[in-house]
Amino acid sequence: MVVMTKSPQTLEDVAMAMVAPGKGILAADESSGTIKKRFDKINTVSTDDTRRDYREMLFRTSAAMRGQISGVILYDETIKQKAKDGTPLVQIIEQSGALPGIKVDEGAKALAGFPGETVTEGLDKLRERLTAYRELGARFAKWRAVIDIGRKGDRTIPTLYCIKANNHALARYAALCQETGIVPIIEPEVLMDGDHDIDRCAEVTEATLSHLFAELIQHRVKLEGTVLKPNMVIAGKLAGKRAGIEEVAEKTVRVLARTVPAAVPGIAFLSGGQSDEDATAHLSAMNAAGNLPWRLTFSYGRALQAAAQKAWGGKPENTAAAQRAFAHRAKMNGLAAAGKWKQDLETVA
Ligand code: 13P
């Protein structure tokens with residue numbers, strides 16, 4: 001018989017469990033289009049079964065799931081899927097002691113009148129969808145807003161209107177989640193696409209987060225029962241000048257300190273296209289500096305899964321190797337959440 005660990009009940013307890021010391025979140029909620037792109041890279045056809053096999057492999061990696069993973073963000077298909085032996089995937093996650101969560105937004109869509117900018121959709125019937133997901137076992141949800149930095153013709157983006165439209169949707173989503181007894185992960189992602197420098201990212205991230213919290217408070221969202229999932233403050237991928245690890249850590253913490261109330265229990269970063277090791281190093285540097293009002297951890301998709309996908313390559317015989325790769329990244333990020341990661345630990349895998 002599987003002994004279930006006692007599950008947290010209140011919104012505050014669930015949020016605290018999601019950011020428990022040394023633990024973080026596995027974002028495995030790639031939409032069908034995104035997971036196909038990931039599978040294309042490893043020459044694997046994306047079908048219901050291959051997606052199930054791949055995700056089942058992750059959720060059965062007990063070293064990671066029992067050790068460093070506090071929760072898993074699922075996609076609509078996965079929260080309803082069963083493992084090969086008929087066990088619901090949600091149950092496998094619960095039995096490891098981690099919490100199941102669900103992505104509920106319906107993607108970033110063109111924002112009418114604002115070329116090159118998007119607003120995330122999915123508020124219609126959200127109350128009903130959240131209720132159904134709660135019954136399927138979801139304890140938390142995720143909604144991702146996308147803010148792009150750049151130039152469109154003679155204009156610079158983002159516009160303030162784009163930030164406002166996205167934050168309004170995030171706040172309405174968060175309020176509906178809490179009404180349903182679900183902790184909202186609030187994800188305003190300032191993209192690292194483009195050639196902007198780190199200071200431009202800091203400026204846009206600060207504008208986005210400061211407006212976001214005003215909006216959440218107006219919508220009567222209880223901050224104690226939320227988890228923020230922001231980008232780190234980082235130069236664009238095409239920027240000529242890269243900021244070092246310490247500079248990213250320092251500028252990210254500075255922006256967060258200016259904008260995120262101490263009532264928020266935890267901040268779980270997205271990896272956003274950083275290399276696996278950079279995502280870990282940055283998180284560790286922030287935690288090593290210490291003296292923070294909130295817990296800082298990871299909610300990585302790519303930076304937790306890329307190595308496992310490569311090792312797996314769509315072949316059942318590679319399951320153990322893929323699980324080792326996932327367990328290793330989970331362990332490194334668990335250390336980073338405690339500020340204890342060191343580069344030389346990467347090589348003693
Ligand atoms: P990445 O860590 O790959 O950015 O994904 C996290 C996520 O959930 C994006 O919504």
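We count ligands from 1, going down the list as the structure has it; atoms in each ligand are counted the same way.
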Inset, instruction - Determine the minimum heavy-atom distance between Ala27 and Ser299, stating which atoms define it. - result: CB-O, 4.0 Å
Legend entry - Polar contact flag, side-chain donor to acceptor under 3.5 angstrom, Arg38-Ser46: no
Inset, instruction - Using distance alone, decide if ligand 1 has a nitrogen or oxygen within less than 3.5 Å of any nitrogen or oxygen in Ala27. - result: no
Inset, instruction - Output the list of atoms in ligand 1 that are nearer than 4.0 Å to some heavy atom of Tyr300, sorted by atom number. - result: 2 (O)
Legend entry - Closest protein heavy atom (residue, atom, distance) for atom 4 (O) of ligand 1: Gly272 N, 2.7 Å
Legend entry - atom 5 (O) of ligand 1: the protein heavy-atom neighbour that sits closest, reported with distance to 0.1 Å: Gly301 N, 3.6 Å
Inset, instruction - Write out the residue and atom name of the closest protein heavy atom to atom 10 (O) of ligand 1, then the distance separating them to 0.1 Å. - result: Lys142 NZ, 2.5 Å
Legend entry - Non-hydrogen atoms of Asn287 and Leu296 that approach each other most closely: ND2-O, 3.0 Å
Inset, instruction - Please work out whether any backbone atom (N, CA, C, O) or any side-chain heavy atom from C-beta onward of Ser299 is under 4.0 Å from ligand 1, and answer side chain, backbone, both or neither. - result: backbone
Legend entry - Exam field: side chain Gln178 to backbone Leu176, donor-acceptor pair closer than 3.5 Å: no
Inset, instruction - Measure the distance from atom 1 (P) of ligand 1 to every protein heavy atom, then report the residue, atom name and distance (to 0.1 Å) of the closest one. - result: Ser271 OG, 3.3 Å
Inset, instruction - Report yes if some heavy atom in the side chain of Pro188 is under 4.5 Å from a heavy atom in the side chain of Thr205; otherwise report no. - result: no
Inset, instruction - Please verify whether a non-hydrogen atom of Lys103 lies at under 4.0 Å from ligand 1. - result: no
Inset, instruction - Would you check whether Gln305 reaches within less than 4.0 Å of ligand 1, judged by its heavy atoms? - result: no
Legend entry - Side-chain heavy-atom pair Ile267, Pro230 within 4.5 angstrom cut-off: yes
Inset, instruction - Report the part of Arg144 (side chain from C-beta onward, or backbone N, CA, C, O) that has a heavy atom under 4.0 Å from ligand 1; answer both or neither where that applies. - result: side chain
Legend entry - Residues Asp49 and Thr47: side-chain donor-acceptor under 3.5 angstrom: no
Inset, instruction - Look at atom 6 (C) of ligand 1 and say which protein heavy atom is nearest, naming residue and atom and giving the distance to 0.1 Å. - result: Lys229 NZ, 3.4 Å
Legend entry - Heavy-atom closest pair, residues Ala169 and Thr120: CB-O, 4.2 Å
Inset, instruction - Would you mind checking which non-hydrogen protein atom is closest to atom 9 (C) of ligand 1, with the distance to 0.1 Å? - result: Glu187 OE2, 3.2 Å
